[in-house]
Structures are given as structure tokens and as C-alpha cells.
Amino acid sequence: QVQLVESGGGLVQPGGSLNVSCTTVGDYVTSYTMAWFRQAPGKEREFVAVSTWPGGSTGYADSMKGRFTISRDNDKNTVYLRMNFLRPEETAVYYCAAASRGGTSRRTPAEYKLWGQGTQVTVSS
């Protein structure tokens, strides 16, 4: 069965940076448009970033633009999220997700069929 495996979460100080990764197991990452979402306690799951395939275009939620970067290493079947200038309110479980190929604006959880287990990111001093 295809699985998405996240890693790289942890504790970071406000204003700091963190990298998280998501590896596709059992299939090629090029089979999918990939995205990152996050969910804080008591809140709805929130769109963070998307990397479409084919084409490799990227998109971000407004509050992440200029701070977060989504990227792919297709040879490693891995998608990354680089997070800069992190804020305490961005403490959340960060999930990667996979949707069918194509599309340029897949920003809702319902569009994604496969989900990783999540990785905790805590922004605190």
C-alpha cells in the first residue's frame, strides 16, 4: 500500500527555521500533486503549500508566502517544506498529502487521497 512518511519536525525558537520532509513509499512521487497542511489543536486543517505534478508549479497560503518553500527531489521520491521565520501560532502537526496528478490550485484537504502520519512542529522559546 502506498504510504507517505513525514520526518523532520521538532522544536524551534520563534523566528527560526525548520525543514520537514515527506517520502512516498510504494509509488513514485511523480505520480502525485503533493501538498503540506497543518493542524493546530482545536483548529481546522489548514493549507500550507502545494507542488503540482506534472509541471512542478508551487503555491502557498498567503501567510506563508515569502517564508515557506516547497520543493521536490523526484529521484528520492521526497517532497520538502522549508519554513523560515516561524511564529508560535504556527505550532501544529504538519501533514503531507498526495492528490492525483495535475491541477494548479489544490488547496483543500478533500482533494487529497493520501496522507502522512504527521510530524509535530513546536515553535517556542
Side-chain angles (χ1 to χ4, degrees):
Q1 186 175 7
V2 179
Q3 294 181 329
L4 305 179
V5 181
E6 300 105 329
S7 63
L11 177 65
V12 61
Q13 294 186 356
S17 299
L18 197 67
N19 295 309
V20 293
S21 63
C22 173
T23 298
T24 303
V25 179
D27 203 354
Y28 298 105
V29 74
T30 50
S31 294
Y32 304 101
T33 282
M34 301 291 295
W36 289 94
F37 292 80
R38 67 189 182 193
Q39 189 165 18
K43 296 186 178 180
E44 297 293 322
R45 191 160 296 190
E46 177 187 23
F47 170 76
V48 175
V50 62
S51 171
T52 64
W53 206 262
S57 64
T58 59
Y60 302 90
D62 287 343
S63 65
M64 289 76 164
K65 291 179 180 178
R67 297 190 300 120
F68 290 11
T69 302
I70 187 170
S71 62
R72 291 174 177 253
D73 186 335
N74 289 334
D75 290 337
K76 296 181 179 179
N77 287 318
T78 299
V79 175
Y80 304 92
L81 182 69
R82 172 71 174 180
M83 298 177 283
N84 295 323
F85 302 104
L86 280 160
R87 305 161 181 168
E89 60 266 30
E90 293 176 311
T91 294
V93 177
Y94 283 70
Y95 297 91
C96 68
S100 58
R101 288 162 54 93
T104 58
S105 184
R106 296 186 175 180
R107 304 190 175 197
T108 62
E111 295 176 275
Y112 290 84
K113 299 178 180 179
L114 301 175
W115 292 85
Q117 83 286 354
T119 185
Q120 176 70 44
V121 174
T122 301
V123 186
S124 176
S125 60

Out of curiosity, [X] [atom1] to [Y] [atom2], how far, rounded to the nearest 0.5 Å?
{"X": "Trp53", "Y": "Ser31", "atom1": "CH2", "atom2": "OG", "result": "11.5 Å"}
{"X": "Arg72", "Y": "Lys76", "atom1": "CZ", "atom2": "NZ", "result": "15.5 Å"}
{"X": "Arg106", "Y": "Thr33", "atom1": "CZ", "atom2": "OG1", "result": "5.0 Å"}
{"X": "Ser63", "Y": "Phe47", "atom1": "OG", "atom2": "CZ", "result": "10.0 Å"}

Beyond-backbone contact of Glu44 with Gln39, side-chain heavy atoms, under 4.5 angstrom: no

Sidechain N-carboxylate O distance under 4.0 Å for Glu90, Arg67: yes

Thr23 side chain to Asn77 side chain, donor-acceptor N/O pair below 3.5 angstrom: no

Ser51-Thr58 side chain donor-acceptor pair, cut-off 3.5 Å: no

Where [X] and [Y] come nearest, the two heavy atoms and their spacing:
{"X": "Ser125", "Y": "Pro14", "answer": "N-CD, 3.5 Å"}
{"X": "Gln120", "Y": "Ala92", "answer": "NE2-O, 3.5 Å"}
{"X": "Asp27", "Y": "Thr24", "answer": "O-CG2, 3.3 Å"}

Mutual orientation of the aromatic rings belonging to Tyr112 and Phe37 [parallel < 30°, tilted 30-60°, perpendicular > 60°]: perpendicular

Linked hydrophobic residues, Met83 as query - side chain contacts closer than 4.5 Å: Val2, Leu4, Val12, Leu18, Val20, Val29, Tyr32, Met34, Trp36, Val48, Tyr60, Met64, Phe68, Ile70, Val79, Leu81, Leu86, Tyr94, Leu114, Val121, Val123

Could you check whether any side-chain N or O of [X] sits under 3.5 Å from a backbone N or O of [Y], counting only pairs where one atom can act as donor and the other as acceptor?
{"X": "Glu6", "Y": "Cys22", "answer": "no"}
{"X": "Glu111", "Y": "Ala99", "answer": "no"}
{"X": "Thr122", "Y": "Thr91", "answer": "no"}
{"X": "Arg82", "Y": "Asn19", "answer": "no"}
{"X": "Gln3", "Y": "Gly116", "answer": "no"}

Step-by-step side-chain hydrogen bond (donor to acceptor under 3.5 Å, both in side chains) determination, Ser17 to Asn84: CA-CA 4 Å; Ser17 299; Asn84 295 323; 2.7 Å; yes

Pi-cation contact, Tyr95 with Arg38 (under 6.0 Å, within 45°): no

